[in-house]
Asker: 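Before I ask anything, let me first share the structure, which is written out below as structure tokens.
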Amino acid sequence: MPMDASKWIDVTTDKNHYSLDHFLIPTHYEKDVSSILIPHGVIMDRVNKLARLIVDEATGPLVVCCILKGGHQYFADLVNAVKKLTNKEGKTVPLSLEFIRVKSYKNDKSEGVTLSISDDECKEFQGKNLLIVEDIIDTGATMVRLLKKLEEFSPKSIKVTSLLIKKTPKSNGYIPDYVGFSIPDEFVVGYALDYNEYFRDLDHICVISDHGKKAYAV
Ligand code: HPA
Ligand code: MG
């Protein structure tokens with residue numbers, strides 16, 4: 001079920017941006033980000049709450065699927081948090097872990113995704129409860145295609161959590177089951193989100209600066 005927007009944290013307004021003076025930034029990125037949108041500590045606090053919601057609604061063992069590469073940090077922190085929690089019956093949730101790289105494609109005949117794991121490996125999803133862990137929903141196109149592909153393998157259920165959802169006019173309206181924050185229509189980096197593979201080694205979620213876009217352009 002799509003998460004109700006009142007349940008996630010809206011950081012789309014200017015007042016939420018922190019100055020670079022307020023927190024530590026790696027010196028090699030000082031000029032490359034313009035503001036801190038979500039400090040690392042706030043991300044971690046939010047991840048704990050999302051883990052609570054996931055455990056409360058889990059009806060059995062979960063296959064937690066990390067969408068690489070951007071999802072890896074959220075995945076690692078979320079799995080750590082989920083492991084420590086018990087449901088209403090005082091039971092922990094058994095987890096197995098899967099790692100998938102997803103590439104979207106669009107040709108003149110169809111739109112779809114290719115996965116870095118084989119169809120044989122995907123057959124293991126049959127009858128399982130999947131939890132997809134993504135860093136950001138931007139247009140929503142990749143997630144809609146990914147869900148269509150995964151449904152072919154008849155899992156018992158599929159839920160999606162994304163740490164971020166971007167408020168963009170290009171959105172196809174897709175909303176995950178568990179959302180951390182809604183963010184403005186700007187390019188953000190850090191906490192494993194990259195720009196041309198840079199900035200994954202930055203803990204806070206930051207808005208990239210024009211200097212940064214130029215410095216790491218391909
Ligand atoms: N940052 C990093 N990766 C992304 C973004 C973004 O803002 N949108 C889609 N992929
Ligand atoms: Mg990405």
Side-chain angles (χ1 to χ4, degrees), residues 1-13 16 37-38 43 46-47 49-59 62-75 77-79 82 98-117 122 125 128-195 205 207:
M1 220 188 6
M3 191 185 222
D4 190 87
S6 66
K7 295 262 184 347
W8 65 60
I9 300 173
D10 184 350
V11 292
T12 59
T13 54
N16 300 108
L37 189 58
I38 315 173
I43 301 171
R46 183 64 180 152
V47 169
K49 174 67 182 192
L50 292 166
R52 179 79 266 163
L53 297 175
I54 289 164
V55 169
D56 282 351
E57 291 180 6
T59 54
L62 295 177
V63 180
V64 193
C65 302
C66 175
I67 306 303
L68 296 169
K69 297 180 185 174
H72 97 262
Q73 194 62 60
Y74 175 40
F75 173 89
D77 290 332
L78 184 70
V79 166
V82 166
E98 192 60 70
F99 299 84
I100 312 177
R101 282 191 87 163
V102 179
K103 284 210 170 74
S104 272
Y105 64 81
K106 190 175 185 175
N107 57 36
D108 44 357
K109 291 211 180 63
S110 66
E111 291 181 0
V113 287
T114 51
L115 306 184
S116 62
I117 59 173
C122 287
F125 295 156
K128 304 273 175 68
N129 297 305
L130 305 187
L131 176 67
I132 313 297
V133 182
E134 177 65 294
D135 52 353
I136 184 165
I137 302 292
D138 194 314
T139 66
T142 299
M143 187 52 69
V144 167
R145 294 174 193 179
L146 173 63
L147 290 173
K148 198 166 144 240
K149 169 96 180 166
L150 291 174
E151 270 152 19
E152 289 170 21
F153 300 98
S154 311
K156 184 173 173 206
S157 70
I158 308 182
K159 286 195 174 179
V160 177
T161 179
S162 179
L163 183 66
L164 308 176
I165 187 167
K166 199 179 271 193
K167 269 199 188 164
T168 162
K170 290 187 229 126
S171 164
N172 63 6
Y174 174 77
I175 293 175
D177 303 272
Y178 307 101
V179 176
F181 305 86
S182 64
I183 63 158
D185 195 2
E186 291 181 85
F187 202 85
V188 296
V189 292
Y191 196 68
L193 286 101
D194 74 307
Y195 174 74
I205 292 176
V207 178

Asker: Measure the OG1-NZ distance between Thr142 and Lys103 for me, rounded to the nearest 0.5 Å.
Answerer: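 It is 12.0 Å, given to the nearest 0.5 Å.
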Asker: What is the distance from atom CD of Glu98 to atom CG of Leu130, rounded to the nearest 0.5 Å?
Answerer: 9.5 Å
Asker: So, using side chain to side chain donor-acceptor pair (under 3.5 Å) as the criterion, who are the partners of Ser6 when residues are at least two apart?
Answerer: Asp4
Asker: Looking only at atom types and distance, does a side-chain atom of Lys166 sit under 3.5 Å from a main-chain N or O of Glu186, one as donor and one as acceptor?
Answerer: yes
Asker: Could you list the residues that satisfy salt bridge (Lys or Arg N to Asp or Glu O under 4.0 Å) with Asp10, not counting sequence neighbours?
Answerer: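 Only Lys167 meet the salt bridge (Lys or Arg N to Asp or Glu O under 4.0 Å) criterion with Asp10.
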Asker: Using every non-hydrogen atom in the two residues, find where Leu50 and Met3 come nearest and quote the distance to one decimal.
Answerer: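 Answer, listing the atom of Leu50 first, then Met3: CD2-CE, 4.4 Å.
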Asker: Find out whether Phe181 and Leu37 are in side-chain contact, i.e. whether some heavy atom of one side chain is under 4.5 Å from a heavy atom of the other.
Answerer: no
Asker: Does some side-chain heavy atom of Thr161 sit less than 4.5 Å from a side-chain heavy atom of Leu131?
Answerer: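 Yes, at least one pair of side-chain atoms sits under 4.5 Å.
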Asker: Under 4.5 Å between any side-chain heavy atoms of Ile165 and Ser171, yes or no?
Answerer: no
Asker: Flag the pair Leu164 / Ile38 as yes when at least one side-chain heavy-atom distance between them is below 4.5 Å, and no otherwise.
Answerer: yes
Asker: How would you list, by chain and number, every residue that makes a side chain to side chain donor-acceptor pair (under 3.5 Å) with Glu152, sequence neighbours excluded?
Answerer: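 By the side chain to side chain donor-acceptor pair (under 3.5 Å) rule, Glu152 matches no residue at all.
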Asker: Hey, are the side chains of Tyr174 and Val160 touching, using non-hydrogen atoms and a 4.5 Å cut-off?
Answerer: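 The answer is yes; the side chains approach within 4.5 Å.
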Asker: Side chain to side chain contact (heavy atoms under 4.5 Å, CB included) with Met143: which of Ile132, Asn172, Asp138?
Answerer: Ile132
Asker: What heavy-atom pair brings Tyr74 and Ser162 nearest, and what distance separates the two atoms?
Answerer: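 In terms of heavy atoms, the two residues are closest at CE2-C, 4.1 Å.
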Asker: For Lys49, which residues count as a side-chain contact (heavy atoms from CB on, under 4.5 Å) partner, sequence neighbours excluded?
Answerer: Arg46, Leu53
Asker: For the atom pair CD (Gln73) and CG (Leu78), what is the distance rounded to the nearest 0.5 Å?
Answerer: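 Going from CD on Gln73 over to CG on Leu78, the span is 11.5 Å.
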Asker: Examine the side chains of Thr12 and Ser182 and answer whether a donor and an acceptor come within less than 3.5 Å of each other.
Answerer: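 No, no side-chain donor-acceptor contact under 3.5 Å.
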Asker: Quick one: closest heavy-atom pair of Phe75 and Cys66, and the distance?
Answerer: CD1-CB, 3.2 Å
Asker: Just wondering, do Ile100 and Leu68 contact through their side chains at under 4.5 Å, heavy atoms?
Answerer: no
Asker: What heavy-atom pair brings Arg145 and Tyr105 nearest, and what distance separates the two atoms?
Answerer: NH1-O, 2.9 Å
Asker: Nearest heavy-atom pair of Ile136 and Ile183: which atoms, and what distance?
Answerer: CD1-CD1, 3.9 Å
Asker: For Ser116, enumerate each residue passing the side chain to side chain donor-acceptor pair (under 3.5 Å) test, keeping only those at least two apart in sequence or located in another chain.
Answerer: none
Asker: With sequence neighbours left out, write down each residue that passes side chain to side chain donor-acceptor pair (under 3.5 Å) with Asn129, or none if nothing qualifies.
Answerer: Ser157
Asker: On a heavy-atom basis, which atom in Gly190 and which in Ile205 lie closest, and how many Å separate them?
Answerer: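 Shortest heavy-atom contact: O-CG1, 4.0 Å.
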Asker: Report the C-alpha distance between Leu146 and Leu115 in whole Å, list the side-chain angles of each, state the deciding distance to 0.1 Å, and finish with yes or no for side chain to side chain contact (heavy atoms under 4.5 Å, CB included).
Answerer: CA-CA 9 Å; Leu146 173 63; Leu115 306 184; 3.6 Å; yes
Asker: Give, for atom OG1 of Thr168 and atom CD1 of Ile137, the distance between the pair rounded to the nearest 0.5 Å.
Answerer: 12.5 Å
